[in-house]
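All of these numbers come straight from a predicted model, not from anything done at the bench. Start at 1 with the first residue, then count along the sequence.
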Amino acid sequence: LLPSPSPIQAVIVPGNEKCISLTNRLRLHGFDVYPIRSPTVPKGMERIRIILHTHNTEREVFGLVDMLFESMKDDWSNNFVAKGGGRLPHSRL
């Protein structure tokens with residue numbers, strides 16, 4: 001998640017194909033998210049745009065976080081281990 005005090009949030013998902021694939025998966029589960037791909041953003045900085053609304057329930061927000069985590073944990077784990085971090089903690093957040 002990129003730092004932002006706004007209701008518009010972004011999650012970095014490097015690679016156009018990976019970004020589009022994850023966006024489509026989230027949309028299939030009812031989330032209104034949008035891929036922001038290169039060349040709009042620099043290559044490797046592709047992201048999924050998330051807009052939080054006052055009508056979103058806590059359950060919806062946590063559902064989105066859970067889906068993002070589950071969809072990306074292998075990439076995060078591989079990057080974490082590659083940088084000498086050992087294993088990821090078991091926390092879901």
Side-chain angles (χ1 to χ4, degrees):
L1 199 61
L2 295 174
S4 173
S6 141
I8 300 172
Q9 298 293 314
V11 176
I12 300 291
V13 182
N16 282 344
E17 286 182 31
K18 201 179 281 190
C19 187
I20 291 168
S21 175
L22 181 52
T23 298
N24 289 338
R25 193 164 168 212
L26 292 169
R27 285 181 174 174
L28 284 174
H29 286 87
F31 297 106
D32 190 18
V33 294
Y34 301 89
I36 310 297
R37 304 165 297 188
S38 70
T40 303
V41 295
K43 190 173 178 92
M45 294 299 292
E46 296 83 3
R47 60 199 69 191
I48 295 176
R49 185 179 74 176
I50 302 164
I51 303 173
L52 300 172
H53 299 276
T54 57
H55 62 78
N56 291 123
T57 65
E58 189 174 286
R59 185 178 186 163
E60 290 171 331
V61 174
F62 281 112
L64 175 62
V65 170
D66 284 345
M67 282 209 63
L68 285 168
F69 181 83
E70 289 301 319
S71 296
M72 299 175 72
K73 72 179 178 183
D74 290 336
D75 287 342
W76 290 334
S77 180
N78 292 339
N79 288 334
F80 189 72
V81 171
K83 292 179 181 175
R87 293 178 48 195
L88 281 176
H90 293 287
S91 170
R92 294 185 56 83
L93 297 177

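Judged by the 6.0 Å distance and 45° axis criteria, Arg27 is positioned over the aromatic ring of Tyr34.
Counting heavy-atom neighbours within 6.0 Å of His29 NE2, excluding the residue itself, gives a total of 12 or less.
Shown here for Met45 and Val41, the closest heavy-atom pair between the two residues is O-CG2, 3.5 Å.
Note on Phe31: it clusters hydrophobically with Val13, by side-chain heavy-atom contacts below 4.5 Å among ILVMFWY residues. Connection of Val33 to Val11 is established within a shared hydrophobic cluster, with ILVMFWY side chains joined at heavy-atom distances below 4.5 Å, either directly or through further cluster members.
Alongside Ile8, the hydrophobic cluster contains Ile51 (criterion: ILVMFWY side chains under 4.5 Å).
Ile20 contributes atom CD1, which lies 7.5 Å from atom CD of Glu17 (distance to the nearest 0.5 angstrom). From Arg59, atom CZ reaches atom CG of Asp66 across 11.0 Å, with rounding to the nearest 0.5 Å. To the nearest 0.5 Å, atoms OG1 (Thr23) and CG (Asp32) are separated by 11.0 Å.
Looking only at side-chain heavy atoms (C-beta outward), Leu64 and Leu68 come within less than 4.5 Å of each other. Two residues are said to be in side-chain contact when any heavy atoms from C-beta on lie closer than 4.5 Å; His53 and Asn56 meet this criterion.
Remark: side-chain polar atoms of Ser71 are paired, donor with acceptor, to backbone N or O of Met67 under 3.5 angstrom. Distance alone, capped at 3.5 Å, places no donor-acceptor pair between the Arg49 side chain and the Arg47 backbone.
With sequence neighbours left out, Ser38 forms a side-chain hydrogen bond (donor to acceptor under 3.5 Å, both in side chains) with Asn16, Glu46.
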